[in-house]
Number of protein chains: 2
Amino acid sequence: MPTIHEKHAAVFKAFCDEKRLAIITMLHKGERCACELQEYLPIGQSTLSHHMKILCDSGVVVGRREGKWIYYSISRQGSEYAVELLKQLTAVSPD
Amino acid sequence: MPTIHEKHAAVFKAFCDEKRLAIITMLHKGERCACELQEYLPIGQSTLSHHMKILCDSGVVVGRREGKWIYYSISRQGSEYAVELLKQLTAVSPD
DNA sequence: ACCTCATATCTAATATTTTCGATATATTGA
DNA sequence: TCAATATATCGAAAATATTAGATATGAGGT
């Protein structure tokens, strides 16, 4: 059973790796399937799949299957959650 | 020379480790010196120092020396930067 | 100057993450 | 059903992060 800190850490794992930030940046303009992402990244297919899993686990990215392809995009809901969580984590109690 | 993604990743490294989240949580109520933090965490002195360095490098935490002690606290400016950066990173272009 | 205490740095061990190649699964089309 | 394509999972190697103990630095007091 993961602790609350572990769950929170999983959200920000999305953003603490260079390659994943590159992937997120590529999703700014909208949905991209894995093969498109791979085309622009110097990593193998299984490595990309591993990063996509971490991104999806964080909730910040979601995948949508369409036939053989999976289209990934930034989740508005997941992103908002991450921002709210970050605000909470860095809030200082007024005293 | 670090890439832009590496610099951004450094900000979120603060939040992707359980122990660091525990430290940040301890700073919610205000300044704490390293010895106070260590008292409540099951880690050695050098390990705490290592984590404090990562937290300070992220900009989210700042240290203030007072005599022999260093008082750490959450940086309002650093936190706001992190929140804004997160918003930018997860922004989706309206098209 | 010396001693003490708080924190940082160094070094090495261990743990975790990233990566790749091979294989498995899932979907489509023939 | 079989072949082809996209993605996931497995297993192992390489890279990186975390950790602890030893030592160094820095500040205050004697």
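Residue numbers start from 1 in every chain, and the chains themselves are labelled A, B, ... in the order their sequence lines are given, proteins ahead of strands.
- Nearest to the side-chain atoms of Ile43(B) among the listed nucleotides dA20(D), dT7(C), dC5(C) stands dA20(D).
- Between the NE2 atom of His5(A) and the P atom of dT18(D) there is a distance of 16 Å, given to the nearest Å.
- We find that CZ of Arg32(B) is positioned 14 Å from P of dT7(C), with the value rounded to whole Å.
- Here dT7(D) presents its P atom at 9 Å from OH of Tyr71(A), a figure rounded to the nearest Å.
- Here the NE2 atom belonging to His50(A) is positioned 10.5 Å from the CD1 atom belonging to Ile43(A), to the nearest 0.5 angstrom.
- Remark: Arg64(A) CZ is packed, more than 12 non-hydrogen atoms of other residues, nucleotides or ligands lying under 6.0 Å away.
- Closest contact between the side chain of Ile70(A) and the listed nucleotides dA6(D), dG28(D), dT7(D) involves dT7(D).
- Residue Arg20(B) places at least one side-chain N or O under 4.0 Å from the OP1 or OP2 atom of dT18(D).
- Protein atom CG of Leu41(A) is 16 Å distant from nucleotide atom C1' of dC20(C), rounded to whole Å.
- Of the charged side-chain nitrogens involved, at least one lies within less than 4.0 Å of a carboxylate oxygen, so that Lys53(B) and Asp57(B) count as a salt-bridged pair.
- In the interface, the side chain of Gln45(B) is paired with the base of dA8(C) through a donor and an acceptor atom under 3.5 Å apart.
- Shown here for Ser79(A) and Thr90(B), the closest heavy-atom pair between the two residues is OG-CB, 3.4 Å.
- Between Pro42(A) and Arg65(A), the residue whose closest nucleotide on DNA chain C is further toward the 5' end is Pro42(A).
- Taking only side-chain atoms of Ser49(A), from C-beta outward, the nucleotide of dT9(D), dA27(D), dT19(C) with the closest atom is dT9(D).
- The two residues Ile24(B) and Ala14(B) make their nearest non-hydrogen contact at CD1-O, 3.9 Å.
- Rounded to whole Å, atom P of dT9(D) lies 15 Å from atom NE2 of His51(A).
- Nucleotide dG21(C) holds its P atom 12 Å from the CD atom of Gln38(A), rounded to whole Å.
- Using a 4.0 Å cut-off, some side-chain N or O of Lys19(A) falls inside it from OP1 or OP2 of dT19(C).
- The CE-C1' distance, from Met52(B) to dA6(C), rounds to 14 Å in whole Å.
- The nucleotide whose nearest atom lies closest to any side-chain atom of Cys35(B) is, among dT7(C), dA27(D), dT18(C), dT7(C).
- Scanning both residues, His28(A) and Ala91(B), for their nearest heavy atoms gives CD2-O, 3.1 Å.
- Positionally, the nearest nucleotide of DNA chain D for Lys68(A) lies more toward the 5' end than for the other of Lys68(A) and Lys53(A).
- Of the candidate nucleotides dT18(D), dT7(D), dA6(C), dT7(D) has the atom nearest to the side chain of Trp69(A).
- No donor-acceptor contact under 3.5 Å links the side chain of Ser46(A) to the base of dA8(D).
- Here the nucleotide nearest the side chain of Asp17(B), chosen from dC20(C), dT18(D), dA6(D), is dT18(D).
- Between Asp57(A) atom CG and dT17(C) atom P there is a gap of 12 Å when expressed in whole angstrom units.
- Looking at heavy-atom distances under 4.0 Å, Ile54(A) makes contact with sugar-phosphate atoms alone, never a base.
- Dashed line: the shortest gap from a side-chain N or O of His50(B) to OP1 or OP2 of dT7(C) is not under 4.0 Å.
- Between Thr47(B) and the phosphate of dT19(D), there is no side-chain N or O to OP1/OP2 separation shorter than 4.0 Å.
- Within the nucleic acid shown, Tyr72(B) comes within 4.0 Å of sugar-phosphate atoms alone, with no base atom in reach, counting heavy atoms only.
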